[in-house]
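One-based numbering, in listed order, for ligands and for the atoms of each. Being a predicted model, the structure only gives us computed values, none of them experimental. For the numbers below, each heavy atom of this structure counts, side chains included, while hydrogens, waters and symmetry mates do not.
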Amino acid sequence: MLAKTHDNLHREVQWHCLPQGVLLNMNTLIIKVDEQKLKPEELESAAQLLREGGLVAFPTETVYGLGANALDASAARKIYEAKGRPSDNPLIVHISEVSDIEILARDIPEKAYELAKVFWPGPLTIILKKKDCVPYGTTGGLDTVAIRLPANLIARSLIAGSGVFVAAPSANISGKPSPTKAEHVIKDMSGKIDMIIDGGMATLGLESTIIDLSGNVPVILRPGCITKAMMENVIGPVEVDPVILSKNPDPSLAPKAPGMKYRHYAPEGKLTIYEGDTTRVIDAINHKAKEKLDSGKCVGIIATDETKALYQYGTVKTIGSRKDENSIAAGLYAILREFDELHMEYIYTESFADNSLGHAIMNRLLKAAGYRIVKME
Ligand code: TXA
Ligand code: MG
């Protein structure tokens, strides 16, 4: 944290209302910004903090990011401390212009420009060979760098206004579900970082797709809203890291994205996925929920708009509508966090179709469940 930024603020008060709608929570400034009515000057103090090596959490269209100057190894190190993140897990560098990739990467293949033309700004991260200016402290010791040009206007104005490239992992404590609302960031990061920009809900709700273009064949390292088929339409054949396709935690497979090996997105309660015929899934979840409630446990159920009324036991919450997969992606992390707040000990969820966006949803859900899945015969 940058102590000097707060010298003129009232440190002794935990929650102190400052002028201009700025809040101070445990020495972390919180500013509210409306993406649709954004005035660049609103982000000037945040941009200055980044220039000075501070930590600023900001909204993106995927999830909230925890930003620092990507080319300043000591600023990047603070991200690892605030998140409690293993130091071999590299950070994504956020840029505001496509041409910025030439400053950060070398031997850039034509496919990178083709993907950027179609999907940037947006929820796609491209891995390229890094140039020397990118410190190993940002890339977790790798010779490659992950780069993303986000679509959220607050994120882009902040990056452009700061004049630095912004390393930003998801702004959660390591191992917790990624934050899709400012209140999630406030819960995890207050007192640990300099500023949180509250820009409302992250619209997509799942982290960006990661594609590795540093080798001979493009490989997806993390599924997301930009699907394999969407990218193949633009650049031809794309492979998928076998770890992503595996439905079991296979110790012989090492993921190419170091972050994918950690137990991620985990709620505190024990999450189990039920897969198969909907009626049988609902019956099985009702049965299991009653059994746990009878033994005095707290039970949460992740239902959909279509099935909510059919659950008889426990705390039932709807993640979204099966008619709109985007709503399920957007609701996933918030519902996991809500069940944590309620101290649910067991959480049961329906499963989702494992194709296109559903593939990314199931990837996160399986990890959150530690691959616990019950299949209906
Ligand atoms: O949507 C997103 O990508 C969000 C927002 C804030 O932009 N960021 C995000 O960052 O999800 P993070 O740190 O939570 O996830 C980054 C993932 C990790 O799994 C990491 O291992 C992988 O990207 N990664 C980063 N650089 C890499 C590299 N050079 N090679 C392989 N994997 C890399
Ligand atoms: Mg993350």
Notebook entry, point to check: Any idea which atoms of ligand 1 are less than 4.0 Å away from a heavy-atom of G65?
Noted result: 6 (C)

Item checked: Electrostatic pair E350-R322, nearest N-O below 4.0 angstrom -> yes

Margin query: For D188, is there an ion pair with R337 - N to carboxylate O distance below 4.0 angstrom?
Written below: yes

Next item on the list: State whether R148 and E207 are salt-bridged, where the test is any N-O pair (Lys NZ or Arg NE/NH1/NH2 against Asp/Glu carboxylate O) under 4.0 Å.
Entry: no

Next item on the list: Specify whether an N/O/S atom of S170 falls short of 2.8 Å from the Mg ion (ligand 2).
Entry: yes

Check: Tell me the ring-ring contact (aromatic ring centres under 6.0 Å, His included) pairs involving residues 274-323, sequence neighbours left out?
Finding: Y274-Y348

Going by atom type alone, with no hydrogens or angles, which donor-acceptor pairs under 3.5 Å involve a side-chain atom of residues 125-137 and a protein atom two or more places apart or on another chain?
unit_1	atom_1	unit_2	atom_2	d
T125	OG1	S208	OG	2.8
K130	NZ	V134	O	2.7
K131	NZ	E102	O	2.5
Y136	OH	D143	OD1	2.5

Check: Cationic tip of K292 within the cone over Y346's six-membered ring, i.e. under 6.0 Å and within 45° of the normal?
Finding: yes

Check: For ligand 1, is any non-hydrogen atom under 4.0 Å from D212's backbone (N, CA, C, O), its side chain (CB onward), both, or neither?
Finding: neither

Margin query: Would A168 count as a contact residue for ligand 1, given that I'm defining contact as a non-hydrogen atom of the residue lying under 4.0 Å from a ligand atom?
Written below: yes

Check: If you measure from each heavy atom of I127 to ligand 1, is any distance below 4.0 Å?
Finding: yes

Margin query: Closer than 4.0 Å to some heavy atom of L142 - which atoms of ligand 1 meet that?
Written below: 28 (C), 29 (N), 30 (N)

Next item on the list: Under 4.0 Å from a heavy atom of A146: give me the atoms of ligand 1 that qualify, with their elements.
Entry: 25 (C), 26 (N), 27 (C)

Next item on the list: Check each atom of ligand 1 against the heavy atoms of I210 and keep those under 4.0 Å away; list them by number with element.
Entry: 17 (C), 22 (C), 23 (O)

Next item on the list: For ligand 1, indicate whether the residue K256 contacts it via side chain, backbone, both or neither (heavy-atom separation under 4.0 Å).
Entry: backbone

Notebook entry, point to check: Purely on distance, is any nitrogen or oxygen of S170 under 3.5 Å from one on ligand 1?
Noted result: yes

Check: Heavy atoms only: which of V219, D241, T125, I92 is nearest to atom 16 (C) of ligand 1?
Finding: I92

Next item on the list: Before signing off on this row, confirm whether Y64 and ligand 1 have an N or O atom pair separated by under 3.5 Å.
Entry: no

Next item on the list: Would you mind checking if E81 and R77 are paired as a salt bridge, meaning a charged N to carboxylate O distance below 4.0 Å?
Entry: no

Margin query: Out of P258, G67, S208, S174, who is nearest to atom 3 (O) of ligand 1 when you count heavy atoms only?
Written below: S208

Check: Step by step, would you call R364 with S178 a side-chain hydrogen bond (donor to acceptor under 3.5 Å, both in side chains)?
Finding: CA-CA 10 Å; R364 308 309 196 271; S178 293; over 6 Å; no

Note to self: Out of all atoms in ligand 1, which are within 4.0 Å of some heavy atom of T144? Include the element for each.
What the structure shows: 28 (C), 29 (N), 30 (N)

Check: Is there a nitrogen or oxygen of R222 sitting under 3.5 Å from a nitrogen or oxygen of ligand 1?
Finding: yes

Margin query: Between I210 and M362, is there shared hydrophobic-cluster membership here, with clusters defined by ILVMFWY side-chain heavy atoms closer than 4.5 Å?
Written below: no

